[in-house]
**Q** 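First the structure, then my questions, so here it is.
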There are 2 protein chains.
Amino acid sequence: MTRTRDDQLDGLGTVTDTVGRARRAAPGLADAGRKRRARMLETMAGQLERSRAELVATAAAETALAPDVLDAEVTRTADQLRMFADVLREGSYLEATVDAAPAGDVLRWLRPLGPVAVFGASNFPFAYGVAGGDTASALAAGCPVVAKEHPSHPRTCRAVLSALRTAAVAAGITPDVIGMVSGFEAGAQLVTHPDVTAVGFTGSVGGGRALFDLCAARAEPIPFYGELGSVNPAVVLPYAARTPDAVIEPLVTSMLTRGGQVCTKAGLVFLPDDAEDLADRLRRRMAAAPHPVLLNASIAAAFPAGTAKRAALDGVEVLCGDGPVAGAGERGPVRPVLLATTVTGLLADANADLREECFGPYAVLVRYRSVAELRTALAVLPASLVAGVYGTDDDLTDARGVLDVLVDRAGRVVWNQPTSGLRVGWATHHGGGYPASTAAGTTSVGATAIRRWLRPSALQGWPTALLPDELRDASGGAEPSLPVRRDGRLHLPRAEAAA
Amino acid sequence: MTRTRDDQLDGLGTVTDTVGRARRAAPGLADAGRKRRARMLETMAGQLERSRAELVATAAAETALAPDVLDAEVTRTADQLRMFADVLREGSYLEATVDAAPAGDVLRWLRPLGPVAVFGASNFPFAYGVAGGDTASALAAGCPVVAKEHPSHPRTCRAVLSALRTAAVAAGITPDVIGMVSGFEAGAQLVTHPDVTAVGFTGSVGGGRALFDLCAARAEPIPFYGELGSVNPAVVLPYAARTPDAVIEPLVTSMLTRGGQVCTKAGLVFLPDDAEDLADRLRRRMAAAPHPVLLNASIAAAFPAGTAKRAALDGVEVLCGDGPVAGAGERGPVRPVLLATTVTGLLADANADLREECFGPYAVLVRYRSVAELRTALAVLPASLVAGVYGTDDDLTDARGVLDVLVDRAGRVVWNQPTSGLRVGWATHHGGGYPASTAAGTTSVGATAIRRWLRPSALQGWPTALLPDELRDASGGAEPSLPVRRDGRLHLPRAEAAA
């Protein structure tokens, strides 16, 4: 597709201009209602799929991710937009609630906050990018989005932006429901702009915390929904360690998906100290794994430095990965690094370097002597997005105590499955305590991610004629068109109730 | 009831000790499950009612509120605890959600955060106090509470604490699910304690913002749910202004409930500039109203200073309230103050003094020349907890535009009813933008207040034997004991579905 320069820049502007457009687009997007917004999201999904070839080629050139991986990610991103269309049509997300009262009903429902800023991630240019989960859920909620262009894949961002704006117009809605700003300084300006009502962010602890602090320091603070960093534990219980065949594949997948550049990577793999066969097989798999090119220059620079620093710690052994593949400072392929230590070594790491995330094909095996010692180690880990546990029926007794500790510290706890490869659905939770998330009560992925961009509103004693369209049938005795709680009791629409 | 000194101090301790007790109480409170926590809340409600005479007498002496007002507040507080017992039994609050997947279901539900700090208000020693909505919702969620003793009614706080601890024991749960700390410094220590997971606060903008900032600056930030301050507008539309009989009572109630010391007070009353009869009748009602003694020395000092400062502004007229009743500096009865200005005067108030809350029997009439001018004025007001609109059928056209502006800025918008006198139920919303609330997505009152103390947790592929008791019947095809969303579709328990 040939474009003029002006076409390419459409939707990309200064912070003041782009937020202004978003603010002016907000009432129309809210008033479009659930059904029209659902159609808009589906149109966006279709437009991404129609632009698939261009999007994949552009992102492959910028991120060094494989085209088949990116192709699947376009599908996931389109599916995510369609899922939010389902969420809109189902309608529960509005939390429509009516309490009858003598002087007139009290109706409570959720309304969109207003323009939202979205900072996408380096590692998923589509699924956590300009058209990713933050954008999809915000648009679904009725909030226009101003995205921050990602410096490591700007052309991908622009191509996605163009697709979304084209689709908005095709759906009869202003393209200004999605805009973009570019440049480091624009990020800080964006989160401090008085008309920005909330921020979604996926990225580093350093950058995320700086923006979080700006949001909290505003005269009128706004919520900052950040997914910052996560060292995810995977635990192989004693009996499972004796049947390595069942755990090798999901563990290797957890460590190496996208070259170990996913927020759900298993970074610390706990295994019994006598599980030599398992350790050796993991070492051989890591040593034989492909040498990925990392996502950008900053990650490429951090990987050799970060792994070398950890390898030099007391009590840490290098199982594989000595020496770079590419020359120093180059963004060439890197050799996977597998380190090993003991619980004692993990606990003795005074700077907690081993408990910090490091993107790339890198993990640490942590040998435990007993399940009691394992629990002690798990209890000192930072909060994480996910934790994995591998067990057999014989491990169930030990599993209870381990799962108790993990559920307290990880947003999602997986049994005998890879931690990477998040399913996007109604039950999805992708969050956790800090620094996995800056808002542990929320998720950045899945149907309930929409809740972040909404606020409750109560209408007390209003005449029916003045009620918003979507609430008019929630009151009174009529069959509602969406789930409604009346005087404390949930009522489903007839089609749902009959099913 | 006679008590020893030790009894009185039970549950009151240092921050370290009290938070430590709360932390140790947390797993047991969570594991008690919905039904046992519901019984505990009901036992607490009963114990408050059994202690009613002592509680009312203590609070009347400390707050100068009338015994009948406090008696009704004890009832409201007990009812609120019982409402959360209903919320627990109903079970929707857990948001139990199951997505079937080939490798094993993904289950999502909400879990308690952990120990919670609660700072009660000066004006509702029961309903927003140690046993108030923050505490009731946190205990319901399964979070132990450490309350901060309120310096203007410490004996009331202690009596309530004692009642709650007695009830916890009677319900077979450790009394350490509720504890208390005392003193200014303890407040800051409490919100920065690493084991405190969230804060509920009702109070001033200054104090609340300081604690909010401490929470945001923590190494691991925690949510601060603060209700800080609110200047609530009440709007009399043109036709309603011609039938003053219908609006006088709800307006006076809105201005003078509890001596004008409620967060839902109508502080700015907008009326047409030709509504002389209405203005005059409001003036006469204010001038003839009782002279309340204010809640504490600080509010008593702020009232004459604050009203005098506002009365001296350009374009502000004093309709009634000249001169104090009590001597300067005394905490004696005060004369209600009614000021008047125009929209021009409101907009010209450069320091926005008229747009700041002032506790006590005080309000400002704001005369508007047209509905367009009215909308301009409403759009510059800070976010508020509530707004009131008075209209007749002839006002409906004007009402739409006014309600649009108000719904954007107020958490609750009331039609032809007082703004004060919040109903506590399932549809209740008590929140709004900053400074009405520091977390616009949440409410401090009503059934959904429980959501603040919960975080999602996803369990992926778990064997049924390891699932928490409350989720075991959520998976699979059995009739669930609580509302469950399966593959996107809500399912109600049989009793609900049949009703």
Side-chain angles (χ1 to χ4, degrees), chain A residues 86 90 92 95 97-99 101 103-104 106-108 111 113 212-213 216 220-221 223 396 399-400 403 407 411-417 423 425-429 431 433-434 438 440-441 443 448 452 454-463 465-466 483 485 487-490 492 496-497 499, chain B residues 86 90 92 95 97-99 101 103-104 106-108 111 113 212-213 216 220-221 223 396 399-400 403 407 411-417 423 425-429 431 433-434 438 440-441 443 448 452 454-463 465-466 483 485 487-490 492 496-497 499:
Chain A
D86 293 342
E90 198 270 346
S92 285
E95 298 184 11
T97 307
V98 185
D99 288 347
V106 182
L107 274 82
R108 173 188 180 276
R111 284 169 52 88
L113 288 176
F212 172 92
D213 290 344
E220 299 188 3
L396 289 186
R400 285 178 207 282
L403 291 171
V407 165
R412 178 169 58 103
V413 181
V414 179
W415 180 262
N416 286 341
Q417 293 177 38
R423 285 186 79 253
W426 292 80
T428 305
H429 178 54
Y434 187 90
T438 59
T443 181
T448 55
R452 297 173 298 163
L454 297 162
R455 65 172 180 83
S457 170
L459 316 179
Q460 181 175 337
W462 283 34
L466 292 177
R485 186 179 297 280
D487 295 325
R489 173 168 287 183
L490 266 179
L492 304 182
E496 292 285 315
Chain B
D86 292 343
E90 197 270 344
S92 285
E95 298 183 10
T97 308
V98 185
D99 288 347
V106 181
L107 274 84
R108 175 188 179 274
R111 285 169 51 87
L113 288 177
F212 171 91
D213 289 343
E220 300 188 4
L396 288 188
R400 285 178 207 280
L403 290 170
V407 165
R412 180 168 57 103
V413 181
V414 178
W415 180 262
N416 285 341
Q417 295 176 38
R423 285 186 78 253
W426 291 81
T428 304
H429 178 54
Y434 187 90
T438 59
T443 179
T448 56
R452 298 173 296 164
L454 298 162
R455 65 173 180 83
S457 170
L459 316 179
Q460 181 175 338
W462 284 33
L466 292 177
R485 184 179 298 279
D487 295 325
R489 173 167 286 184
L490 266 179
L492 304 182
E496 293 283 316

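Just so we're clear, the structure is a prediction, and the values are computed from it rather than from any experiment.
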**Q** Between A/Arg111 and chain B, which part of the residue has a heavy atom less than 4.5 Å away: side chain, backbone, both or neither?
**A**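 Just its side chain gets close to chain B.
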**Q** Under a 4.5 Å cutoff for heavy-atom pairs, which residue among B/Leu466, B/Val106, B/Leu113, B/Asp487 has the most contacts with chain A?
**A**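 When all of B/Leu466, B/Val106, B/Leu113, B/Asp487 are compared, B/Leu466 has the most.
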**Q** Do you know which of A/Gln460, A/Arg108, A/Arg455 has the most heavy-atom pairs with chain B at a distance under 4.5 angstrom?
**A**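 Heavy-atom pairs under 4.5 Å are most numerous for A/Gln460.
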**Q** Mind checking whether B/Glu90 and B/Pro483 have side chains closer than 4.5 Å, heavy atoms only?
**A**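 SC-SC contact between B/Glu90 and B/Pro483 confirmed.
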**Q** I'd like to verify something: which residue of B/Gln417, B/Glu220, B/Glu95 has the highest number of heavy-atom pairs under 4.5 Å with chain A?
**A** B/Gln417
**Q** Minimum heavy-atom separation for A/Ala216 and B/Phe212, please, with both atom names.
**A** O-CE2, 3.4 Å
**Q** Checking heavy atoms, do the side chain of B/Arg423, its backbone, both or neither come under 4.5 Å from chain A?
**A**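 The side chain, not the backbone.
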**Q** To the nearest 0.5 angstrom, please state how far the CG atom of B/Asp99 sits from the CZ atom of B/Arg485.
**A** 10.0 Å
**Q** Only pairs of heavy atoms separated by less than 4.5 Å count here; which of A/Gly461, A/Pro221, A/Ser457 has the most with chain B?
**A** A/Pro221
**Q** As an exercise: rank A/Leu403, A/Leu459, A/Leu454, A/Thr443 by heavy-atom pairs under 4.5 Å with chain B and give me the winner.
**A**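 Among A/Leu403, A/Leu459, A/Leu454, A/Thr443, the one with the most close pairs to chain B is A/Leu403.
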**Q** Contact part of B/Pro456 toward chain A, heavy-atom cut-off under 4.5 Å: side chain, backbone, both or neither?
**A** both
**Q** Among B/Thr428, B/Thr97, B/Val413, which has the most heavy-atom pairs under 4.5 Å with chain A?
**A**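 Among the listed options, the one with the most contacts to chain A is B/Val413.
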**Q** Considering non-hydrogen atoms only, spot the tightest contact between B/Ala458 and A/Ala427 and give its length.
**A** CB-O, 4.2 Å
**Q** Looking at chain A, which one of B/Thr438, B/Leu107, B/Val407, B/Asn416 has the largest number of heavy-atom pairs inside 4.5 Å, strictly under?
**A** B/Val407
**Q** Using a cut-off of under 4.5 Å for heavy-atom pairs, which of B/Ala399, B/Ser92, B/Gly433 has the most such pairs with chain A?
**A**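 Of the options given, most contacts go to B/Ser92.
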**Q** Specify which of B/Gly104, B/Gly425, B/Gly411, B/Ala101 makes the most heavy-atom pairs with chain A at under 4.5 Å.
**A** B/Gly411
